[in-house]
Amino acid sequence: MGKSVSECNASADKAIKGMMATVVGTALVPAHVNWALTASAMGAGVVAIGLCYDIKLTKDEGWKLVKQFIISAGFWFLSMNVGSKILSALMQSTGLGYGAGVALDAASSAAFAWAIGATAKEYFQREFLGKTKLSTEQLGQIFRDAFKEHKSNK
């Protein structure tokens with residue numbers, strides 16, 4: 001007998017928390033390395049969430065889904081995250097604002113990871129249940145709602 005959707009969801013929630021912890025940890029790393037680590041963590045997180053629902057993806061396929069989720073969320077979300085990464089990198093590089101830069105990067109990265117994780121969870125859960133795929137608009141709405149939810153709860 002296969003796993004139930006609630007078992008898959010519980011595993012996915014753990015994977016999302018792991019992805020969030022990883023990207024928060026990358027905030028301590030210098031910006032030029034941080035971006036690559038964050039992107040890798042996001043792609044690996046989506047692959048891990050897919051595995052919770054017995055859906056196997058390569059890391060490249062996981063990263064393609066991450067990009068699809070971000071693009072679906074819209075230009076504003078993409079520019080906001082890139083802008084906060086640039087701002088935190090500038091603050092960190094001055095030495096004077098290192099702590100504030102790390103805190104800003106950690107907060108925005110955690111919210112971004114939560115949104116990607118929540119979107120991936122819904123995406124894979126629907127596939128697991130045999131439901132129709134989500135439209136670009138639906139993916140974007142899930143992403144934006146999850147991002148806002150995380151930001152308002154912190």
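- In this structure, the side chains of Glu61 and Leu65 stay at 4.5 Å or more apart for every pair of heavy atoms.
- Under a 4.0 Å N-O distance rule, the pair Lys64/Asp60 qualifies as a salt bridge.
- At least one side-chain heavy atom of Ile70 sits less than 4.5 Å from a side-chain heavy atom of Phe112.
- Between Glu122 and Gln138, every side-chain heavy-atom pair lies at or beyond the 4.5 Å cut-off.
- Val47 places none of its side-chain heavy atoms less than 4.5 Å from the side chain of Trp63.
- Side-chain atoms of Arg126 never come within 3.5 Å of backbone atoms of Lys133 as a donor-acceptor pair (strictly under, hydrogens ignored).
- In this structure the side chain of Glu7 never reaches within 4.5 angstrom of the side chain of Ser11, judged on heavy atoms.
- In plain terms, the two heavy atoms of Phe147 and Ser108 that are nearest each other are CE1-O, 4.4 Å.
- Closest approach of Ala113 to Val23, counting heavy atoms only: CB-CG2, 3.6 Å.
- Residues Val46 and Ala120 share a closest heavy-atom pair of CG2-CB, 4.2 Å.
- Looking at heavy atoms from C-beta onward, Phe128 lies in side-chain contact with Cys8 at the 4.5 angstrom threshold.
- Taking both residues in full, the closest heavy atoms of Tyr53 and Lys3 are given as N-NZ, 4.5 Å, listed atom of the first, atom of the second, then distance.
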